[in-house]
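A quick note: this is a predicted structure, and the numbers were derived from the prediction, not measured.
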Amino acid sequence: MVRSGVEESRHRVDVAVCDQDGRLIARAGDAGRLVFARSCMKPLQAAVSLAAIGDESLSQRQVAIMCSSHNAESVHVAAVRSLLKRARLSVAALRCPPGWPLDEQTMARSHSRARILHNCSGKHSGMLLACVRSGWDPSSYQRAGHPLQRRVRKAVLGATGLTSVGIGVDGCGVPVHSMPLASMATLYARLARPDRLGDLAQPVDRAVSAMFQEPYMVGGDERLDTAIMSATRDVLVKEGAEALVCASVTPSGLGIAVKVSDGGERAAGPALISVLSQLGALEERHLRALRSFAEPPVLAGGRPVGHLIVEVPLTRSR
């Protein structure tokens, strides 16, 4: 549970911690609850696109933007444009909806919504490049029956060990997959040690390496995943919509999936940091650097009147 320091709200938090074999190592709440993977699937989606692109000359920054839910700061938009340029496509080829920047300062300078400003435009530009390089129709890449999306589904099944997943439509328009929370944790454990992912092992390793090398491209200013990966290069983090956040602890090979039941995203960061701390994945120096994310202030009248309090005790499996 995460509650505010002024008792104005409470958030139930479900947590699953799994190893590469899918064993549940620790949990809080319901580790089997069904969730849509949302943007937490982006590292694997990017790996599928990388396998189809087959171009070793892509920069770390270009690969990282394919894994991102970016703020649409200038550095992010430039990276998206560079991928579209490689595909010889214009911004009009993007099938994500028009969006505003997530960064407040960038939003203040924007005059209108645009597809390239959508936080998923990096993933979409990577998918377009994959289509062009593989000879697939780039105008329908977002449809579930498209060759690229069929490959993504196959990768999801392989990375989770599931025989089937539910398929819906994500906020950006591409297929989104539903599964138990523990299966998301298993997927992230395998991102940490991709050797058992077959032909995708190298593209997954490439995506993960790019996220660690270019954490700012994954989110941006004041973003949880960027902050944690900048503080420690041992923990891979990716945020998703509706307060789902996942992490890979590379030294131990553990995967973590955290879901705030009511979608309260301000509770997701404190919950994940608490779980990482309990698992010994964050040192005291990391916790000091991440304090603003671990204990975000509660504001009233424009001034702090409290802070979020984390109570997410893990139960270890025997």
Would you check if [X] and [Y] make a side-chain contact, meaning some heavy-atom pair closer than 4.5 Å?
| X | Y | value |
| --- | --- | --- |
| R81 | K85 | no |
| P296 | P270 | yes |
| L299 | P304 | yes |
| S49 | L148 | yes |
| T232 | L282 | yes |
| F293 | I273 | yes |
| T250 | R193 | no |
| E265 | L224 | no |

Which pair of heavy atoms, one from [X] and one from [Y], lies closest together, and at what distance?
| X | Y | value |
| --- | --- | --- |
| P203 | A47 | CB-O, 3.3 Å |
| V260 | G264 | CG1-O, 3.7 Å |
| R233 | P215 | NH2-CG, 4.2 Å |
| S209 | Q60 | O-NE2, 4.0 Å |
| P138 | C131 | CA-CB, 4.0 Å |
| C120 | S39 | SG-OG, 4.2 Å |

Does [Y] offer a backbone N or O that forms a donor-acceptor pair with the side chain of [X] under 3.5 Å?
| X | Y | value |
| --- | --- | --- |
| S90 | A92 | yes |
| R115 | C96 | yes |
| S68 | I65 | yes |
| T160 | V156 | yes |
| Q20 | L254 | no |
| H124 | Y141 | no |
| Q62 | S59 | yes |
| E73 | G220 | no |
| T226 | G219 | yes |
| R27 | V17 | no |

If Ile, Leu, Val, Met, Phe, Trp and Tyr residues are connected whenever their side-chain heavy atoms lie under 4.5 Å apart, and connections chain through other members, are [X] and [Y] in the same group?
| X | Y | result |
| --- | --- | --- |
| Y188 | L24 | no |
| L44 | V176 | no |
| V80 | L102 | no |
| V249 | L287 | yes |
| L162 | V204 | yes |

Between R33 and S261, does the side chain to side chain donor-acceptor pair (under 3.5 Å) criterion hold? Intermediate values first, please. CA-CA 10 Å; R33 68 165 297 169; S261 292; 3.0 Å; yes
Residues at least two apart in sequence or cross-chain that pass side chain to side chain donor-acceptor pair (under 3.5 Å) with D205, listed by chain then number, are none
Check your understanding: Between F36 and H177, is a side-chain contact (heavy atoms from CB on, under 4.5 Å) present by the stated rule, with each step listed?
Key -> CA-CA 6 Å; F36 275 114; H177 306 88; 6.0 Å; no
Carboxylate-amine/guanidinium contact [X] [Y], below 4.0 Å:
| X | Y | result |
| --- | --- | --- |
| R12 | D262 | no |
| D225 | K42 | no |
| D21 | R23 | yes |

Going through the distances and angles, do M41 and L187 end up as a side-chain contact (heavy atoms from CB on, under 4.5 Å)? CA-CA 9 Å; M41 193 58 73; L187 186 154; 3.7 Å; yes
Note to self: Apply side chain to side chain donor-acceptor pair (under 3.5 Å) to residues Q278 and S274 and explain how you reach the verdict.
What the structure shows: CA-CA 6 Å; Q278 290 177 69; S274 172; 3.1 Å; yes
Rounded to the nearest 0.5 Å, how far does [atom2] of [Y] lie from [atom1] of [X]?
| X | Y | atom1 | atom2 | value |
| --- | --- | --- | --- | --- |
| D199 | R151 | CG | CZ | 9.5 Å |
| S252 | D19 | OG | CG | 9.5 Å |
| I228 | E239 | CD1 | CD | 8.0 Å |
| L84 | S121 | CG | OG | 8.0 Å |
| K238 | M229 | NZ | CE | 8.0 Å |
| L83 | L58 | CG | CG | 6.5 Å |

Compile the donor-acceptor pairs under 3.5 Å between side chains in residues 178-186 and protein atoms, sequence neighbours left out, one pair per line.
unit_1	atom_1	unit_2	atom_2	d
S178	OG	G166	N	3.4
T186	OG1	A182	O	3.0

Result for side-chain contact (heavy atoms from CB on, under 4.5 Å) between M127 and one of V48, I53, V174, L94 points to V174
Assess the residue pair N71 and R223 against the criterion (side-chain contact (heavy atoms from CB on, under 4.5 Å)); give the C-alpha distance rounded to whole Å, side-chain angles, the decisive distance to 0.1 Å, and a yes or no.
CA-CA 9 Å; N71 278 348; R223 294 291 298 280; 2.8 Å; yes
(request) Report the C-alpha separation of V245 and K259 in whole Å, then their side-chain angles, then the decisive distance to 0.1 Å, and conclude whether the side-chain contact (heavy atoms from CB on, under 4.5 Å) test is met. (result) CA-CA 7 Å; V245 59; K259 177 71 170 78; over 6 Å; no
>> Can you confirm whether more than 12 heavy atoms, excluding those of R291, are under 6.0 Å from its CZ atom?
In response: no
Exercise. Can you say whether the rings of H76 and H70 are parallel (under 30°), tilted (30 to 60°) or perpendicular (over 60°)?
Worked result: parallel
| task | Under the salt bridge (Lys or Arg N to Asp or Glu O under 4.0 Å) rule, what do D195 and R190 come out as? Steps first, then yes or no, please. | result | CA-CA 8 Å; D195 50 286; R190 292 175 179 175; over 6 Å; no
- prompt: For R86 and S57, does a side-chain donor sit closer than 3.5 Å to a side-chain acceptor?
  reply: yes
